[in-house]
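Just below is one structure, and these are the notes that go with it.
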Amino acid sequence: MTGSKVIILDSTLREGEQTPGVSFRVEEKLEIAKKLDEIGVGMIEAGSPMVSEGVKEAIKKIAKENLNAEIISHIRPVKSDVDLSLACDVDRVAIFIGTSKSHRESKLKMTKEQIEEKVLEAISYSKDHGLKVRFTPEDATRTEWEYLLHICKQASETGADRISVADTVGIMTPTQMYDLVSKIHSNVKSELDLHCHNDLGLAVANSLAGVQAGATVVHTTVNGLGERTGIAPLSEVSVALKVLLDIDVGIKIERLSELSSIVERYSGVYISPITPVIGTNAFSHKAGIHTSAVLANPETYEAFDPSILGRARKIIVDKYAGRHAVKAKLDEMGISINDDQLQRITTEIKNLADKKKRIEDSDIVAVTEKVLGQRVSGESPELIIGLVSIQTDPHIYTTNIIRRIIGINGVSEAYEISGEYDVVAHIQAKDVAALNECLESIRNTRGVEATTTRIVLKRFQRNGKQKEEAKGLRKIFG
Ligand code: HCA
Ligand code: CU
């Protein structure tokens, strides 16, 4: 391994915007870039200026921000693309061209020599105009070794101080990646980037192997966005490097979840609950055997401490839960019970869970009250409940807007409806501040044009037993 520091290049704004269905607005790009910079990303690939006026404008605006991160434009080896990059005032150009046989013969219809000539010309032109240069032999991992080495050496000698080892279709194994990066590293002077696609789910593993072989920049996107199945996700790469290889890439890990939610919202692509590191379930424990072990010693079923992400472990209470889990949950709610009551509550919860898909905190409180025959004295989870009627942009598919809204913290359900409004969202918040934050996020959602919020004063349920008064209303309405 080299002694050089390893840093992250984030390409959410370039590779990430190549995700089918994703298109960021200029202001969204600017906000994402600032957040990436704050979080500690060392390089931001801001876009390809030749794609559109909007992309160019976003790169220009990001470059103007004077962020700590190096700002890169991703271009073809043509003068006009270099000129556009100069007009955007970026720090570096990343010049890419396919080098593998299929790219040369079927896509570019160019010979090895023609490709080399174009690349070297573009590197010289960029250097002459004061730009830093990275060269990416696209599909490097399927390029004949002799040609790959030759063109990388030439690019390096012509002034590309970085070379990106692009596993464009994600076909490497970690050992193959380690071997290839080691070979390039020992034969070429430039520093190496890793650009690993995730077609077979190996992007993170291949990135780690590449770092062990001497590469010093890892390309990521927030939430792993990108062409097809995307590239290595920022959160997984930065946490895995830290936890498994003790390599600190300077990322503020505790802010990764926040960044992920912003990008979910702006991209419309939502992560699964079982996504590593940032997924809702990443630190949830369900089976009785697991929960009692974790409560005794978290190490038993945790790869690393959730607190590094500012997260807490969660004990799931449903039919798989044992008494330890139920006890921990009731303790958390400030409800104290004896052993006999605990046994009965646990049995009742299991019975209920056989009939109901999800056990909410309110179900646990209801079961506890039933067993104890009294209202529980501890902190029952009183929430402010709101119904938000939403008018949406008729040009955007309503289901897409709902998908964005449902990802906002505090939104528990959303319905597409007929009539004056298009959508109704059911929101829950612990206090007025959280309520306002949730409403603000709904209003800021792309496609939301107008909202009207009604606060629930009393809530009745079918069995007639539960009737909750929402708190904090006087405060909101004077
Ligand atoms: C592309 C190419 C690229 C380039 C990667 C890089 C790839 O999608 O246009 O410049 O490091 O995967 O090969 O993203
Ligand atoms: Cu790519």
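Quick note: residue numbers are just sequence positions, from 1. Each ligand, and each atom within it, is numbered from 1 in the order the structure gives.
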Evaluate the side-chain proximity of [Y] to [X]: yes if any heavy-atom separation is below 4.5 Å, no if none is.
| X | Y | answer |
| --- | --- | --- |
| Val448 | Val423 | no |
| Ile427 | Ile442 | yes |
| Asn223 | Ile278 | yes |

Considering only heavy atoms, which of Thr136, Thr99, Thr168, Val169 lies nearest to atom 13 (O) of ligand 1?
-> Thr168

Going by heavy-atom distance to atom 4 (C) of ligand 1, choose the closest among His74, Glu138, Arg76.
-> His74

Would you list the protein N, O or S atoms within less than 2.8 Å of the Cu ion (ligand 2), leaving out water?
-> Glu15 OE1, His195 NE2, His197 NE2

min-distance protein heavy atom vs atom 1 (C) of ligand 1 -> Arg14 NH1, 3.6 Å

Looking only at protein heavy atoms, what sits closest to atom 14 (O) of ligand 1 is Glu15 OE1, 2.9 Å

Please check whether [X] reaches ligand 1 - meaning an N/O of the residue sits under 3.5 Å from an N/O of the ligand, judged on distance alone.
| X | value |
| --- | --- |
| Glu227 | no |
| Glu45 | no |
| Asp139 | no |

Pair up each side-chain donor or acceptor in residues 148-156 with any protein partner under 3.5 Å, not counting sequence neighbours, and list the distances.
| from | atom 1 | to | atom 2 | distance (Å) |
| --- | --- | --- | --- | --- |
| His150 | NE2 | Glu116 | OE1 | 2.9 |
| His150 | NE2 | Glu116 | OE2 | 3.3 |
| Ser156 | OG | Ser190 | OG | 2.7 |

Mark up the atoms of ligand 1 that fall under 4.0 Å of a heavy atom belonging to [X], in ascending order.
| X | answer |
| --- | --- |
| Ala166 | 13 (O) |
| Ser164 | 6 (C), 11 (O) |
| His197 | 12 (O) |
| His219 | 11 (O) |
| Phe96 | 9 (O) |

At a non-hydrogen distance cut-off of under 4.0 Å, which region of His103 contacts ligand 1 (side chain, backbone, both, or neither)?
-> neither

Is the backbone N or O of [Y] less than 3.5 Å from a side-chain atom of [X], with the two atoms forming a donor-acceptor pair by type?
| X | Y | value |
| --- | --- | --- |
| Thr158 | Ser124 | no |
| Asp248 | Gly250 | yes |
| Asp139 | Ser100 | no |

Evaluation steps, salt bridge (charged side-chain N to carboxylate O under 4.0 Å, His left out), between Lys107 and Glu138 | CA-CA 12 Å; Lys107 184 178 86 166; Glu138 189 186 1; 3.0 Å; yes

Leu9: which of Glu70, Arg134, His195 passes side chain to side chain contact (heavy atoms under 4.5 Å, CB included) | Arg134

Asp422 and Thr392 side chains, donor-acceptor separation under 3.5 Å = yes

What do the steps show when you test Gln391 against Glu449 for side chain to side chain donor-acceptor pair (under 3.5 Å), and what is the final call?
-> CA-CA 5 Å; Gln391 276 167 351; Glu449 295 201 324; over 6 Å; no

When rounded to the nearest 0.5 Å, the distance separating CD1 of Ile72 from CD1 of Ile75 is 11.5 Å

